[in-house]
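For reference, the structure discussed in these notes is given below.
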Amino acid sequence: MKVDVLLGLQWGDEGKGKIVDVLTPQYDIIARFQGGPNAGHTLEFEGIKHVLHTIPSGIFHANVINLVGNGVVIDPVIFQQELQKLEPFGIDFSKRLFISKKAHLILPTHRLLDAASEASKGKNKIGSTLKGIGPTYMDKTGRNGLRVGDIFMPNFKDKYNALVEKHVGILNHHEGFEYDLKALEGPWFEGIEKLKSLPAVDSEHFINQALKDGKRILAEGAQGTMLDIDFGTYPYVTSSNTVTAGTCTGLGVAPTRIGRVIGIFKAYCTRVGSGPFPTELLDEVGEHIRQEGREFGSTTGRPRRCGWVDLPQLKYAIMINGVSELSMMKADVLGKFEKINVCTHYLIDGERFDHFPFDVDGLEVIPVYEELKGWNCDLTQLESYTESPNELKNYVEYLEKMLEIPITVVSVGPDRKQTLLKS
Ligand code: GDP
Ligand code: IMO
Ligand code: MG
């Protein structure tokens with residue numbers, strides 16, 4: 001057996017949660033491999049909208065195991081809140097939600113360090129979600145971090161205190177940055193107790209044994225390729241590998257065991273936070289997309305920046321991830337356009353660029369567009385792809401031709417049912 005991977009090809013929020021939920025009936029295990037509560041994955045069905053941050057998006061399906069892998073960073077406070085929100089749905093977490101002992105913990109001081117670091121950057125801030133992601137991954141690679149397995153050890157409190165002491169030393173250098181650590185610690189230790197009640201596993205053994213036993217596994221990515229620490233628009237990125245390779249390190253799966261790679265993108269493009277975005281629309285068209293697509297962050301509520309789809313960017317993401325099939329999301333949002341633009345390449349100082357340059361600081365990147373006919377109608381009631389308007393089919397076929405990868409899913413609304421399968 002192989003591990004299939006589903007991940008975002010743009011700057012996050014492509015609709016990963018929705019499609020993982022749709023695909024879950026085909027799998028036995030859904031596993032998150034990186035990121036943490038910076039993620040906000042939305043699922044909608046039976047008139048209810050759920051937003052998950054740490055818990056994998058397969059949690060609503062009976063008999064499916066959800067695994068939080070070693071590559072994920074966990075904030076016990078947010079995790080406990082997520083569990084509480086799911087209480088009315090009667091999910092037996094002790095049988096369905098497994099946590100890697102090697103997953104790192106986000107401490108209250110990691111969140112403070114994130115806030116202090118962003119404040120000190122002024123106009124150069126990353127636009128982080130302020131969930132403590134960067135400082136936690138820094139402690140992981142700096143070999144100072146605390147892991148889920150540590151919470152069961154007798155010296156946990158000592159380890160915690162030692163790390164907090166280090167953090168406080170750094171925080172003291174941020175002049176004028178005020179905080180109340182004691183107030184944050186109470187809920188954090190409560191969250192740790194809750195975490196202890198869930199099965200903590202050696203997840204790399206767990207997942208490889210599952211593969212041996214013939215279990216079907218889907219790895220769920222967080223963020224998107226352009227936010228990857230190595231391949232994204234650095235430094236305006238997150239602190240983990242969001243790409244397919246992150247599945248190997250974030251779950252302990254060998255590269256030879258990767259199967260299908262499903263890349264998700266919106267029929268347009270969005271970004272939340274700072275950093276380059278060549279096709280961004282700062283005019284009323286961008287505002288129209290934002291309103292129609294309800295483009296406000298699932299985690300922070302911030303308005304998302306909106307723009308046209310960007311082929312050089314998508315080709316790059318397909319290359320890095322080895323994408324085998326595509327899901328195109330939110331086609332319904334473009335339902336009021338006579339014409340739709342697709343960026344085919346960029347011009348910088350009059351020179352043609354087919355991929356994003358190393359650094360665009362101080363450069364004007366001009367996107368060059370091909371104009372396609374819009375479908376200009378409501379897609380949200382469509383029940384099959386064959387019924388869809390010719391302009392939508394032309395758009396899909398154009399993208400397939402340019403990207404050289406089949407689009408197998410077209411999404412026309414937030415609900416589970418608003419998903420058109422195209423073989
Ligand atoms: P994720 O982080 O990739 O899981 O995506 P988010 O949940 O942050 O953002 C996607 C948003 O778009 C959510 O509010 C979804 O409910 C919504 N959504 C997903 N697919 C569609 C779609 O096809 N059409 C519309 N209109 N909304 C969608
Ligand atoms: P999902 O999984 C969109 C962005 C932040 C910021 C940058 C760094 O829902 O697609 P961080 O808190 O990670 O240090 O922030 O990354 N970012 C996301 N943008 N969707 C996400 O997750 C994101 N997670 C982080 O806005 O620009
Ligand atoms: Mg999101």
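In listed order, ligands and their atoms are each counted from 1. Every value quoted in this text rests on a predicted model; they were computed, and no experiment measured them. The figures that follow rest on heavy atoms only: side chains count, while hydrogens, waters and symmetry mates do not.
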Does ligand 2 have a heavy atom under 4.0 Å from the side chain of [X], from its backbone, from both, or from neither?
| X | answer |
| --- | --- |
| Trp11 | backbone |
| Leu227 | side chain |
| Arg271 | neither |

Count the heavy atoms of every other residue, nucleotide or ligand shown that sit under 6.0 Å from [atom1] of [X], and state whether that count exceeds 12.
| X | atom1 | answer |
| --- | --- | --- |
| Lys373 | NZ | no |
| Met402 | CE | yes |
| Arg294 | CZ | no |
| Glu338 | CD | no |
| Glu387 | CD | yes |

Contact between ligand 2 and [X] is defined here as a heavy atom of the residue under 4.0 Å from a ligand atom; is it met?
| X | result |
| --- | --- |
| Gly127 | yes |
| Lys131 | no |
| Gly35 | no |
| Thr300 | no |
| Arg304 | no |

Quick check on contacts: which atoms of ligand 1 are under 4.0 angstrom from a heavy atom of [X]?
| X | result |
| --- | --- |
| His41 | 1 (P), 2 (O), 4 (O), 7 (O) |
| Met329 | 20 (N) |
| Val333 | 26 (N) |
| Arg304 | 8 (O), 9 (O) |
| Ser411 | 20 (N), 21 (C), 22 (C), 23 (O) |

With a 3.5 Å cut-off and no angle check, do the side chains of [X] and [Y] form a donor-acceptor pair?
| X | Y | answer |
| --- | --- | --- |
| Ser384 | Thr386 | yes |
| Thr279 | Asp310 | no |
| Glu292 | Tyr268 | no |
| His110 | Asp139 | yes |
| Thr225 | Asn321 | yes |
| Lys131 | Thr136 | no |
| Glu220 | Ser57 | yes |
| Asn38 | Gln223 | yes |

Atom indices of ligand 2 within 4.0 angstrom of [X] heavy atoms, with elements:
| X | result |
| --- | --- |
| Lys16 | 1 (P), 2 (O), 10 (O) |
| Ala39 | 1 (P), 2 (O), 9 (O), 22 (O) |
| Thr238 | 11 (P), 13 (O) |
| Arg302 | 5 (C), 26 (O) |

Excluding water, the protein N, O or S atoms sitting under 2.8 Å from the Mg ion (ligand 3) are Asp13 OD1, Gly40 O
When you measure from [atom] to every protein heavy atom, which one gives the shortest distance, and what is it?
| atom | value |
| --- | --- |
| atom 19 (C) of ligand 1 | Lys18 CD, 4.0 Å |
| atom 26 (N) of ligand 1 | Asp332 OD2, 2.8 Å |
| atom 12 (O) of ligand 1 | Lys330 NZ, 2.9 Å |
| atom 10 (C) of ligand 1 | Asp13 O, 3.6 Å |

Heteroatom distance test ([X], ligand 1): nitrogen or oxygen, under 3.5 angstrom:
| X | value |
| --- | --- |
| Lys49 | no |
| Gly17 | yes |
| Gly413 | yes |
| Gly15 | yes |
| Thr42 | yes |

Salt bridge check: are Lys85 and Glu82 linked by an N-O gap of less than 4.0 Å?
no
Does ligand 1 have any atom sitting under 4.0 Å from a heavy atom of Gly40?
yes
Please tell me whether [X] and [Y] form a close aromatic pair, meaning their ring centres lie under 6.0 Å apart.
| X | Y | result |
| --- | --- | --- |
| His104 | Tyr137 | no |
| Phe206 | Phe98 | yes |
| Tyr27 | His61 | no |

Output yes when a side-chain donor or acceptor of Arg304 lies under 3.5 Å from a complementary backbone atom of Arg290, and no otherwise.
no
Measure the CD-OG distance between Glu118 and Ser274 for me, rounded to the nearest 0.5 Å.
7.0 Å
From the candidates Gln223, His41, His53, the one that places a heavy atom nearest atom 24 (N) of ligand 2:
Gln223
Can you confirm whether Thr270 sits close enough to Ile289 that some side-chain heavy atom of one is under 4.5 Å from a side-chain heavy atom of the other?
no
